[in-house]
Every structure is written in structure tokens, then in C-alpha cells.
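Down below is the structure, laid out as C-alpha cells.
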Amino acid sequence: MNDNEKIQSEEWNNKYRNADLLYLLNELCEMYPNKIVFTTSFNIEDQVITHFIATHHYPIEIITLDTGRLFQETYTTWSETEKRYSIKIIPYFPDYKDVEKLIVEQGVNGFYESIKNRKDCCLIRKIKPLKRALENKKVWITGLRSEHSEYRKNFHLFEWDDTYQIIKFNPLIHWTKEEVINCIHKNNIPYNALFDKGYVSIGCAPCTRPIKEGETWRAGRWWWENSDEGKKECGLHLK
């Protein structure tokens, strides 16, 4: 049975449906030693996962996609997290030739001009580096939650990502915002200062604004686009 068949099997789902986070991390590390990668963007969900990985010393590689256009507050969170847990978070950068070509063709802020331009930027700055980060890995851990958007309500605890041919593990998919925030405060986990200013989903600085009262979690991302707000994605998590 291959990994795709395994995670879709009734036996697999029955075994892990109600398991807690630490049990699942233990199981995955035993099944796929040194073949697991966690991608963090230093949002509050990611900080919770980093806390559990680091405090229990799981052999899981923690990486981040540094697009070159992140907030200074994000870099501060990155530094504070490494110091707090005595870990190193590995950066994956876009290819400089791709970035140079993109800016020559579109301009430095060309992503504001069309959805295609913005997706081209995401492709170069995020998707291509992610592909490198997932090479030779068996499991990809994410901080996705179903409350983030209508689109993400369709995600499960375990999925098979056909694009990257990898098991995707979404340990907080069923957590509520309150559960995440309570975990942050209970464990004194460092988090991005922008969160308290309404930046609940933090990406690149030019593409992120704080949400307004009554807006959805992802409303602050690519806010100038008229596309369906529930499907605002950079492409990392498209099915």
C-alpha cells in the first residue's frame, strides 16, 4: 500500500481520527524518520506547531519561505522563536534570476495590476522554493485551519498532495481561533506583534492588510482583487 492509499484507508482514518497532536507527531516521526518538514510563516497557528515540535525535540525540519518582502515584525518573530527554543529555522529563498526577470517584466509592484501578475509573483517567491523544500520528504506539516476560509473547510487532518506527491498533515485543521490563542498565552509562545493590530493572516507586506470588523480571516490578503474571497490562495495549498 503506497502513502496515498494508506491515508485514504478506513484503518488509517479510524486510528488517527481522534488522536491528539503529540501522539500524531510521535507516530509520524516513527513512520517517517527525518522525512518530515514543517513550513512556517510565523502566523499564530505556525507558532503553536513550532512550540510542540521544539519542546519535544521531534526530528522535524522547520523551514520558512522568505519571499524577500516580509514584514519586519515577521523577522522579529522569527528571531525570537529561534532564541526561545534554541532552534534554527531554515530559509528557502526564490531564485534571484527569477525575481530579477519578474521585476523587469512587471515592475516592482506589478502584482497589483492583475491576478495573473500576482500569481506569477507567488509562483516565483513561494511555490518554487516550496518545491525545493519538499524534495525527498514524505510528510508536509502545515498550519491550515478550516476557519480560515470556505475553501479550507474542505481540508482534512491528513491529505495526499498530488502536486508534490507528499502526505499533507494539517494538525490544527479543526482547532478554533480561541483554542489557538489560548494555547499561545498558556505556553507564553512568541507571536507576531501584527496579530494584535488586526493582521490575522500575515504574508508579504505589500499584500497584507489588517481585517475589519466582520471580515473573514483571509480578507486582508490581496484585498485589491475582486476574486472570490473564500478562494484567495497563493497556490501553495490548491487542490
Side-chain angles (χ1 to χ4, degrees), residues 20-26 28-29 32 34-94 122 125-127 129-130 132-134 137 139-145 147-148 168-173 175-211 217-218 220-221 234 236-237:
D20 66 25
L21 176 55
L22 294 180
Y23 175 79
L24 290 168
L25 289 173
N26 272 315
L28 288 173
C29 288
Y32 304 101
N34 302 309
K35 291 290 184 179
I36 307 174
V37 64
F38 166 49
T39 53
T40 177
S41 56
F42 305 100
N43 280 292
I44 58 171
E45 295 87 357
D46 299 322
Q47 291 300 97
V48 166
I49 296 171
T50 295
H51 171 79
F52 284 111
I53 291 174
T55 55
H56 291 83
H57 308 289
Y58 290 117
I60 296 172
E61 188 175 271
I62 304 176
I63 73 102
T64 191
L65 306 177
D66 189 338
T67 64
R69 304 205 68 162
L70 303 179
F71 287 96
Q72 179 55 44
E73 288 87 347
T74 300
Y75 290 113
T76 299
T77 308
W78 182 345
S79 177
E80 290 176 349
T81 302
E82 289 189 327
K83 290 177 183 177
R84 163 72 188 279
Y85 298 107
S86 298
I87 59 173
K88 287 296 182 183
I89 297 170
I90 302 170
Y92 279 76
F93 292 93
C122 290
R125 294 181 185 272
K126 299 179 78 173
I127 297 173
L130 175 69
R132 288 192 289 113
L134 298 183
K137 299 297 183 182
V139 181
W140 171 22
I141 302 177
T142 84
L144 298 180
R145 287 194 304 111
E147 283 186 341
H148 284 163
K168 180 184 279 188
F169 175 40
N170 308 309
L172 305 187
I173 195 67
W175 282 41
T176 64
K177 175 184 69 175
E178 288 73 22
E179 287 175 317
V180 176
I181 293 173
N182 288 341
C183 186
I184 289 280
H185 293 313
K186 178 182 178 181
N187 295 286
N188 195 27
I189 300 171
Y191 67 96
N192 198 318
L194 290 174
F195 181 81
D196 292 333
K197 298 178 181 180
Y199 291 81
V200 296
S201 178
I202 305 168
C204 293
C207 302
T208 309
R209 67 157 172 79
I211 63 171
W217 195 268
R218 300 277 292 175
R221 303 293 291 275
C234 61
L236 296 180
H237 302 292

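Just the heavy atoms: all of them, side chains too, but no hydrogens, waters or symmetry mates, feed the values below.
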Quick check: do [X] and [Y] have side-chain heavy atoms less than 4.5 Å from each other?
{"X": "I63", "Y": "F38", "value": "no"}
{"X": "L130", "Y": "T39", "value": "yes"}
{"X": "H56", "Y": "L22", "value": "yes"}
{"X": "I36", "Y": "W140", "value": "no"}
{"X": "E82", "Y": "I89", "value": "yes"}
{"X": "V37", "Y": "V139", "value": "no"}
{"X": "T40", "Y": "I49", "value": "no"}
{"X": "L25", "Y": "F169", "value": "yes"}

How long is the gap from [atom1] on [X] to [atom2] on [Y], to the nearest 0.5 Å?
{"X": "T176", "Y": "I181", "atom1": "OG1", "atom2": "CD1", "result": "8.5 Å"}
{"X": "L194", "Y": "I202", "atom1": "CG", "atom2": "CD1", "result": "5.0 Å"}
{"X": "Y58", "Y": "C29", "atom1": "OH", "atom2": "SG", "result": "7.0 Å"}
{"X": "K88", "Y": "S86", "atom1": "NZ", "atom2": "OG", "result": "9.5 Å"}
{"X": "I141", "Y": "I62", "atom1": "CD1", "atom2": "CD1", "result": "9.0 Å"}
{"X": "S41", "Y": "K126", "atom1": "OG", "atom2": "NZ", "result": "7.0 Å"}

Item to complete: Take T77 and Q47, measure what side chain to side chain contact (heavy atoms under 4.5 Å, CB included) needs, and give me the verdict at the end.
Response: CA-CA 9 Å; T77 308; Q47 291 300 97; 3.7 Å; yes
Fill in: Check against side chain to side chain contact (heavy atoms under 4.5 Å, CB included), Y199 and E73
CA-CA 11 Å; Y199 291 81; E73 288 87 347; over 6 Å; no
Practice prompt. Taking N43 for its side chain and D46 for its backbone only, find out whether a donor-acceptor pair lies under 3.5 Å.
Written response: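 Such a contact is absent between N43 side chain and D46 backbone.
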Practice prompt. Scan Y75, W78, Y92 and name whichever one has a side-chain hydrogen bond (donor to acceptor under 3.5 Å, both in side chains) with D66.
Written response: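 Between D66 and the candidates, side-chain hydrogen bond (donor to acceptor under 3.5 Å, both in side chains) is satisfied uniquely by Y75.
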Worksheet item: Does N187 have any side-chain contact (heavy atoms from CB on, under 4.5 Å) partners at least two apart in sequence or in another chain, and if so, which?
Response: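 If we apply the side-chain contact (heavy atoms from CB on, under 4.5 Å) test to N187, skipping adjacent residues, the hits are H51, C183, I189.
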Item to complete: Using the test side-chain contact (heavy atoms from CB on, under 4.5 Å), find all partners of P206 that sit at least two apart in sequence or belong to another chain.
Response: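 For P206, the residues satisfying side-chain contact (heavy atoms from CB on, under 4.5 Å) (neighbours in sequence not counted) are R69, F111, Y112, C204.
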Practice prompt. Could you list all the salt bridge (charged side-chain N to carboxylate O under 4.0 Å, His left out) pairs where at least one residue sits in residues 192-204, not counting sequence neighbours?
Written response: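 Every pair satisfying salt bridge (charged side-chain N to carboxylate O under 4.0 Å, His left out) with a residue in residues 192-204: there are none.
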Closest approach of [X] and [Y], non-hydrogen atoms and distance?
{"X": "Y191", "Y": "H185", "value": "OH-CE1, 4.0 Å"}
{"X": "F42", "Y": "N192", "value": "O-CB, 4.0 Å"}
{"X": "T208", "Y": "S201", "value": "CG2-O, 3.3 Å"}
{"X": "P190", "Y": "R84", "value": "CD-NH1, 3.6 Å"}
{"X": "R145", "Y": "L172", "value": "CG-O, 3.1 Å"}
{"X": "P94", "Y": "T67", "value": "CG-O, 4.0 Å"}

